[in-house]
Amino acid sequence: TAAGIFYALQDVATRGAIDVVHGRAWGALISTCWPYVLLVAAVAGVLVSQAAFREARLDWSLPPTVAIQPIVGVAMGVGLLGEHLHHTGWSLALEAASIPITLLGVLIVGRSAALRAHGLHVPRAEQRAAEKQRVAARST
């Protein structure tokens, strides 16, 4: 979840930086917070997501990241950048339908046979325990 929040912040910082460049010149970007927020959010997001992928199965660690990023990104866009959400009856219905479809897609990817075939579903803690058992079996 933390990785998804950092990735959402990265998205918002990118948009903020683009708005500064369009409104002024490239030089003005250095005097704003956006490039620095972008760099910190990108590095933190990668570090947190990699830590999550090392410690837990991919089908446990990936879905929260993927699900939370767009939700928090929209909220940050509205709150930090003053973006406005335009909606009609049809757009609200499509957005409501897209949430369970997105979550279903994330679950399908997380439980993919391709992940199991490459050993990506085994958490690091389980890998360590299996290695200890192999070493113990060899020494006896």
Side-chain angles (χ1 to χ4, degrees):
T1 302
I5 292 169
F6 280 123
Y7 290 149
L9 182 58
Q10 179 182 348
D11 296 343
V12 170
T14 301
R15 174 59 190 249
I18 290 170
D19 288 347
V20 169
V21 170
H22 279 303
R24 299 180 237 162
W26 279 94
L29 186 59
I30 296 171
S31 65
T32 68
C33 68
W34 295 122
Y36 312 106
V37 171
L38 175 63
L39 179 64
V40 170
V43 170
V46 168
L47 292 175
V48 170
S49 66
Q50 290 304 310
F53 296 155
R54 276 193 308 272
E55 294 301 322
R57 294 179 6 192
L58 190 59
D59 60 338
W60 291 359
S61 56
L62 181 62
T65 301
V66 174
I68 202 74
Q69 181 182 356
I71 296 167
V72 172
V74 168
M76 285 183 180
V78 170
L80 295 175
L81 300 176
E83 296 285 333
H84 299 285
L85 300 176
H86 302 285
H87 58 276
T88 64
W90 282 107
S91 66
L92 289 175
L94 288 172
E95 289 168 12
S98 70
I99 292 171
I101 292 169
T102 301
L103 293 176
L104 177 64
V106 168
L107 289 173
I108 289 170
V109 168
R111 297 177 185 270
S112 169
L115 296 178
R116 284 190 297 277
H118 288 77
L120 297 177
H121 71 293
V122 180
R124 178 163 245 171
E126 289 178 19
Q127 289 174 347
R128 285 187 213 128
E131 183 62 30
K132 285 180 184 177
Q133 287 176 349
R134 282 191 290 262
V135 169
R138 285 184 206 151
S139 59
T140 57

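Note that the coordinates shown come from a computational prediction; the quantities given were computed from them, not determined experimentally.
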Inset, instruction - Identify the heavy atoms of Val48 and Ala3 that sit nearest to each other, and give their distance. - result: CG1-N, 3.7 Å

Legend entry - Under 3.5 Å: donor-acceptor pair, side chain of Thr102, backbone of Ser98: yes

Inset, instruction - State, to 0.1 Å, how close Pro64 and Thr1 come at their nearest heavy-atom pair, and which atoms those are. - result: CB-OG1, 3.5 Å

Inset, instruction - Check whether any side-chain N or O of Tyr7 sits under 3.5 Å from a backbone N or O of Pro70 as a donor-acceptor pair, and report yes or no. - result: no

Inset, instruction - Kindly compute the distance separating CD1 (Ile99) from CG (Leu104), expressed to the nearest 0.5 Å. - result: 13.5 Å

Legend entry - Arg15/Asp19 salt bridge by N-O under 4.0 Å criterion: yes

Legend entry - Hydrophobic cluster identity match, Ile68 and Leu80, side-chain contacts under 4.5 Å: yes

Inset, instruction - Determine, using the 4.5 Å side-chain heavy-atom cutoff (strictly less than), whether Val21 and Val37 are members of one ILVMFWY cluster. - result: yes

Legend entry - Note, Phe53 side chain near Leu62 side chain (heavy atom, < 4.5 Å): yes

Legend entry - Nearest atoms (heavy-atom pairs only) where Gln10 meets Ala42: OE1-CA, 3.6 Å

Inset, instruction - Flag the pair Leu29 / Arg24 as yes when at least one side-chain heavy-atom distance between them is below 4.5 Å, and no otherwise. - result: no

Inset, instruction - Measure across Gln69 and Asp11 and return the closest heavy-atom pair with its distance rounded to 0.1 Å. - result: NE2-OD2, 2.9 Å

Legend entry - For Leu81 against Trp34, the heavy-atom pair lying closest together: CD2-CZ2, 3.6 Å

Inset, instruction - Assess whether side chain to side chain contact (heavy atoms under 4.5 Å, CB included) is satisfied between Val46 and Phe6, documenting all intermediate values. - result: CA-CA 9 Å; Val46 168; Phe6 280 123; over 6 Å; no

Inset, instruction - Decide whether Leu92 and Leu85 are clustered together by the hydrophobic rule: side chain heavy atoms of Ile, Leu, Val, Met, Phe, Trp, Tyr closer than 4.5 Å, transitively. - result: no

Inset, instruction - Answer yes if Val72 and Leu9 sit in the same cluster of Ile, Leu, Val, Met, Phe, Trp and Tyr residues linked by side chain heavy atoms under 4.5 Å apart, and no otherwise. - result: yes

